[in-house]
2 protein chains.
Amino acid sequence: MNIERVKSQMRKGVLEYCILSIISKDEVYASDILQTLKDAKLIVVEGTLYPLLTRLKNDGLLNYRWEESTSGPPRKYYGLTEMGQKFLIEMDSTWQELVDAVSHTTSKTKKK
Amino acid sequence: MNIERVKSQMRKGVLEYCILSIISKDEVYASDILQTLKDAKLIVVEGTLYPLLTRLKNDGLLNYRWEESTSGPPRKYYGLTEMGQKFLIEMDSTWQELVDAVSHTTSKTKKK
DNA sequence: TCCCAGTACTTTGCATTACAAGGTATTATA
DNA sequence: TATAATACCTTGTAATGCAAAGTACTGGGA
């Protein structure tokens with residue numbers, strides 16, 4: 001048991017939420033997402049992100065278009081589907097409820 | 001993909017944190033913990049909680065003492081070890097950092 | 001032309017763990 | 001003795017983050 005494992009565990013739950021949110025703001029491709037998450041100190045690696053994007057796409061929350069790049073292979077630019085937008089709104093509340101629940105549970109007041 | 005699965009995923013990461021926090025406030029046994037979590041709308045079932053308590057105990061964050069009950073089998077009352085207390089403090093920051101990271105990532109402002 | 005570096009996307013295998021479901025043990029009551 | 005209530009424990013499954021390795025496209029230099 002170490003604090004890194006805990007951090008990783010906590011990240012897990014919010015990854016999809018953050019990724020959908022990032023995509024909702026801008027059409028982006030995988031490396032953009034990695035960079036944005038890294039800027040926010042949410043460390044994620046390729047092996048995590050790609051399968052997750054594929055999953056979200058298969059679930060109908062995302063779609064993408066190929067775009068040629070001048071410096072390498074073509075990129076997949078992702079965007080939210082209508083369903084993805086609705087889902088994101090639900091996730092907003094879900095996250096907020098969790099934050100409230102945690103702050104309730106961890107408040108300093110003793111019960112009893 | 002459904003919102004329930006997402007909720008469950010988000011819960012995962014904070015369960016240990018919440019449980020340590022609950023135990024830090026009071027010596028409690030499993031049913032107390034379940035009730036407290038339920039009150040905070042963090043749904044957890046026995047099959048989740050017991051293995052988790054055992055894990056935290058094996059990691060040296062918790063200890064317990066048996067106490068006779070007047071209405072059934074004896075109960076395990078859990079308390080935090082010194083190490084558990086230190087760990088809880090680290091988890092406080094970890095959680096706060098995550099909340100900040102998420103709010104940063106999901107803020108409405110477009111980058112670019 | 002052939003190789004190499006850089007970029008981007010994909011796949012495989014593993015370890016962790018929440019949960020459902022069922023099991024064991026103790027006590028009180030009928 | 002049953003039965004019910006309470007409490008703790010175990011097993012099997014599915015999901016999934018991550019490390020590591022693989023595939024594929026582009027452009028520049030020998």
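Note on naming: letters A, B, ... go to the chains in the order of the sequence lines (proteins, then strands), and numbering restarts at 1 for each one.
- Between A:Glu67 atom CD and D:dC25 atom P there is a gap of 18 Å when expressed in whole angstrom units.
- For the salt bridge (charged side-chain N to carboxylate O under 4.0 Å, His left out) test, residues two or more places apart in sequence or in another chain that qualify with B:Glu67 are B:Arg65.
- Atom pair A:Leu53:CG and D:dC18:P shows a separation of 14 Å (rounding to whole Å applied).
- Atom-to-atom, NZ of A:Lys7 to P of D:dC18 comes out at 13 Å; the value is rounded to the nearest Å.
- Using a 4.0 Å cut-off, some side-chain N or O of A:Arg55 falls inside it from OP1 or OP2 of D:dG17.
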Would you list the atom pairs, donor with acceptor, under 3.5 Å between side chains in residues 79-86 of chain B and any protein atom, with sequence neighbours excluded?
{"from": "B:Thr81", "atom 1": "OG1", "to": "B:Gly60", "atom 2": "O", "distance (Å)": "2.6"}
{"from": "B:Thr81", "atom 1": "OG1", "to": "B:Leu61", "atom 2": "O", "distance (Å)": "3.1"}
{"from": "B:Thr81", "atom 1": "OG1", "to": "B:Met83", "atom 2": "N", "distance (Å)": "3.4"}
{"from": "B:Thr81", "atom 1": "OG1", "to": "B:Gly84", "atom 2": "N", "distance (Å)": "3.0"}

Close N or O pairs between protein and nucleotides 19-23 of chain C (under 3.5 Å):
{"from": "C:dC19", "atom 1": "OP1", "to": "B:Arg11", "atom 2": "NH2", "distance (Å)": "3.1"}
{"from": "C:dC19", "atom 1": "OP2", "to": "B:Thr48", "atom 2": "OG1", "distance (Å)": "2.9"}

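- If you measure from atom CD1 of B:Ile33 to atom C1' of D:dC9, you get 15 Å, rounded to the nearest angstrom.
- Following rounding to the nearest Å, A:Lys12 (NZ) and D:dA14 (P) show an atom-to-atom distance of 17 Å.
- Nearest nucleotide to the side chain of B:Glu68, out of C:dC9, C:dT27, D:dG17: C:dT27.
- For B:Tyr50, whose side chain is taken as the heavy atoms from C-beta onward, the closest listed nucleotide among C:dT11, D:dC8, C:dA18 is D:dC8.
- Put simply, B:Val28 and B:Ile43 are part of two different groups of oily side chains (I, L, V, M, F, W, Y) that touch within less than 4.5 Å, one to the next.
- A:Ile89 and A:Ile23 are members of different hydrophobic clusters when ILVMFWY side chains are connected at heavy-atom separations under 4.5 Å.
- Side-chain atoms of A:Leu52 lie closest to D:dG17 of the nucleotides D:dC8, C:dT10, D:dG17.
- Residues in residues 22-50 of chain B take part in these ring pair (Phe, Tyr, Trp, His ring centres under 6.0 Å) pairs, two or more places apart or across chains: B:Tyr29-B:Tyr77.
- Here the options are B:Asp59, B:Leu53, B:Asn58, the test is side-chain contact (heavy atoms from CB on, under 4.5 Å), and the partner is B:Arg55; only B:Asp59 passes.
- In this structure, B:Asp32 atom CG and D:dT6 atom P are separated by 13 Å, rounded to whole Å.
- In this structure, OH of A:Tyr29 is placed 14 Å from P of C:dT10, rounded to the nearest angstrom.
- A:Lys12 pairs by the side chain to side chain donor-acceptor pair (under 3.5 Å) definition with A:Gln9, not counting sequence neighbours.
- Of the residues in residues 71-81 of chain A, those lying under 4.0 Å from DNA chain D by heavy-atom distance are A:Gly72, A:Pro73.
- In this structure, the CG atom of A:Leu34 is 13 Å from the P atom of C:dT10, given to the nearest Å.
- Among the heavy atoms of the strands lying under 4.0 Å from A:Ser31 are primed sugar atoms or P, OP1, OP2 only; no base atom is included.
- Within 4.0 Å of B:Ser69, counting heavy atoms only, lies no atom of the nucleic acid at all.
- Smallest separation of non-hydrogen atoms from A:Leu49 and A:Ala30: CD2-O, 3.5 Å.
- Side-chain atoms of B:Thr94 come within 3.5 Å of backbone atoms of B:Glu90 as a donor-acceptor pair (strictly under, hydrogens ignored).
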